[in-house]
S.K.: 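Mind having a look at this structure? Questions to follow.
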Protein chains: 2
Amino acid sequence: MFVHLYMELAEAKQKFIESWGKLGSEWGINRTMAQVHALLLITPEALTTEEIMEQLSISRGNANMTLRDLIGWGLVEKQLKPGERKEYFFADKDTWNIARQVAKERRKRELDPIIKILDELTKVKGDTKDPEYATFNKSVTDINKLAKNVDKTLETMLKAEENWFWGSVIKIFK
Amino acid sequence: MFVHLYMELAEAKQKFIESWGKLGSEWGINRTMAQVHALLLITPEALTTEEIMEQLSISRGNANMTLRDLIGWGLVEKQLKPGERKEYFFADKDTWNIARQVAKERRKRELDPIIKILDELTKVKGDTKDPEYATFNKSVTDINKLAKNVDKTLETMLKAEENWFWGSVIKIFK
DNA sequence: ATAAACTTTCAATAAATTTTGAAAGTTAAA
DNA sequence: TTTAACTTTCAAAATTTATTGAAAGTTTAT
């Protein structure tokens with residue numbers, strides 16, 4: 001049996017797709033969506049639905065819905081080639097763009113809605129002398145502050161320049 | 001039918017528990033774990049397993065395992081009252097501590113392992129002229145840089161002082 | 001040593017989430 | 001207008017994840 005000492009490209013690709021999928025699912029992102037994204041990230045050309053189905057062994061329905069989702073997240077774009085009916089899919093490979101897109105979407109989908117709810121909960125009136133109320137109010141208010149702090153930080157990040165990201169963060173935080 | 005114009009404390013508590021659970025599950029945290037955490041965050045005194053089971057309508061097994069997990073995340077501590085056999089559970093209510101703990105754990109559990117894998121994948125050799133290899137190598141290298149940047153930022157954050165968090169972030173990022 | 005008062009474990013079950021695939025829908029060429 | 005080449009949809013099935021509850025384990029008091 002042949003045992004290789006270093007990883008081959010094909011093996012490395014598989015490992016990357018698997019790991020990216022795992023990380024995604026640990027962070028509440030559909031595993032297949034992360035895997036399709038990973039595949040497109042390491043593929044130079046745009047791929048068809050058919051090719052993605054084959055490479056990841058997934059069904060047409062799954063591939064189709066996942067690709068729509070990725071487009072919805074702003075991570076993948078559809079390409080049409082002249083003279084061809086079928087659609088090609090291509091992933092933006094700029095890491096800074098990817099990070100921004102993901103931050104932008106998760107802020108919109110998950111952070112902003114909870115801030116809205118926390119704002120409501122903060123308004124609930126009660127007897128300040130009542131420890132039940134006092135504890136509720138303090139925790140909700142504090143978490144709301146935290147959430148708004150994160151929200152503003154993300155907003156600033158989204159507006160920021162790429163070089164800020166790669167350069168300044170570490171220096172500033174030192 | 002009685003319709004109230006503002007939210008009652010009991011209703012608000014339920015809403016908070018439900019929302020915190022939903023946010024947790026969107027970010028890959030077990031919904032029940034987030035709900036138990038939420039309950040403890042808005043409760044002034046330490047609670048017994050029995051009380052948590054009742055308030056959230058969950059089984060003893062579930063309550064027990066969830067509480068162990070929360071202790072493992074450094075978010076909840078066990079309290080023993082003199083003369084009593086049963087254990088009481090109390091949540092740290094300091095938002096900054098909570099944020100730090102969560103960041104610390106997710107870094108250790110999810111970020112560091114993927115960095116290790118990306119380091120391996122970055123080492124894979126190949127023909128630089130081959131677009132398949134070039135694209136793979138560039139994407140993996142870039143994502144690795146991003147991951148390490150996030151890792152270092154978290155490390156700095158973990159070391160940082162509380163007032164840095166509440167004050168500086170926004171100012172620095174402006 | 002035994003019982004009482006708890007906590008822990010984990011196989012079985014339930015619930016939630018994801019995936020499939022075939023039918024229906026769309027678009028463009030023949 | 002018909003057919004071919006696609007894409008989309010979604011109910012049913014498969015898979016994954018979470019929960020239950022009862023039995024086993026532990027600790028302390030009697």
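A, B, ... follow the sequence lines: proteins, then strands. Residue 1 opens every chain.
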S.K.: Could you check whether atom NZ of A:Lys125 has more than 12 heavy atoms from other residues, nucleotides or ligands sitting under 6.0 Å from it?
M.R.: no
S.K.: Along DNA chain D, 5' to 3', what are the outermost nucleotides having an atom less than 4.0 Å from a heavy atom of chain A?
M.R.: D:dA4 to D:dC10
S.K.: Indicate the atoms forming the closest heavy-atom contact of A:Pro44 with B:Thr135, along with that distance.
M.R.: CB-OG1, 3.3 Å
S.K.: Expected output is a numbered-order residue list: members of residues 57-77 of chain A with a heavy atom under 4.0 Å from any atom of DNA chain D. What is it?
M.R.: A:Arg60, A:Gly61, A:Asn64, A:Met65, A:Arg68
S.K.: Can you check whether A:Phe136 reaches A:Leu121 side chain to side chain, under 4.5 Å on heavy atoms?
M.R.: yes
S.K.: Could you label the plane-to-plane angle of the B:His37 and B:Trp20 rings as parallel, tilted or perpendicular, counting under 30° as parallel and over 60° as perpendicular?
M.R.: tilted
S.K.: Crowded around A:Met65 CE? As in, over 12 foreign heavy atoms under 6.0 Å?
M.R.: no
S.K.: Measure the distance from CZ on A:Arg31 to C1' on C:dT19 and round it to the nearest whole Å.
M.R.: 13 Å
S.K.: Taking only N/O atoms, report every protein-nucleotides 25-30 of chain C pair under 3.5 Å with atom names and distance.
M.R.:
from: C:dT27; atom 1: O2; to: A:Arg85; atom 2: NH2; distance (Å): 2.5

S.K.: For the hydrophobic clusters of this structure (ILVMFWY residues joined by side-chain heavy atoms under 4.5 Å, transitively), does one cluster hold both B:Phe16 and B:Val102?
M.R.: yes
S.K.: Tell me whether A:Arg106 forms a cation-pi arrangement with A:Trp27, defined as NZ or CZ under 6.0 Å from the six-membered ring centre and within 45 degrees of its axis.
M.R.: no
S.K.: For B:Lys93, does the NZ atom have more than 12 heavy-atom neighbours from other residues, nucleotides or ligands under 6.0 Å away?
M.R.: yes
S.K.: So, OP1 or OP2 of C:dT19: does either fall under 4.0 Å of a side-chain N or O from A:Thr32?
M.R.: yes
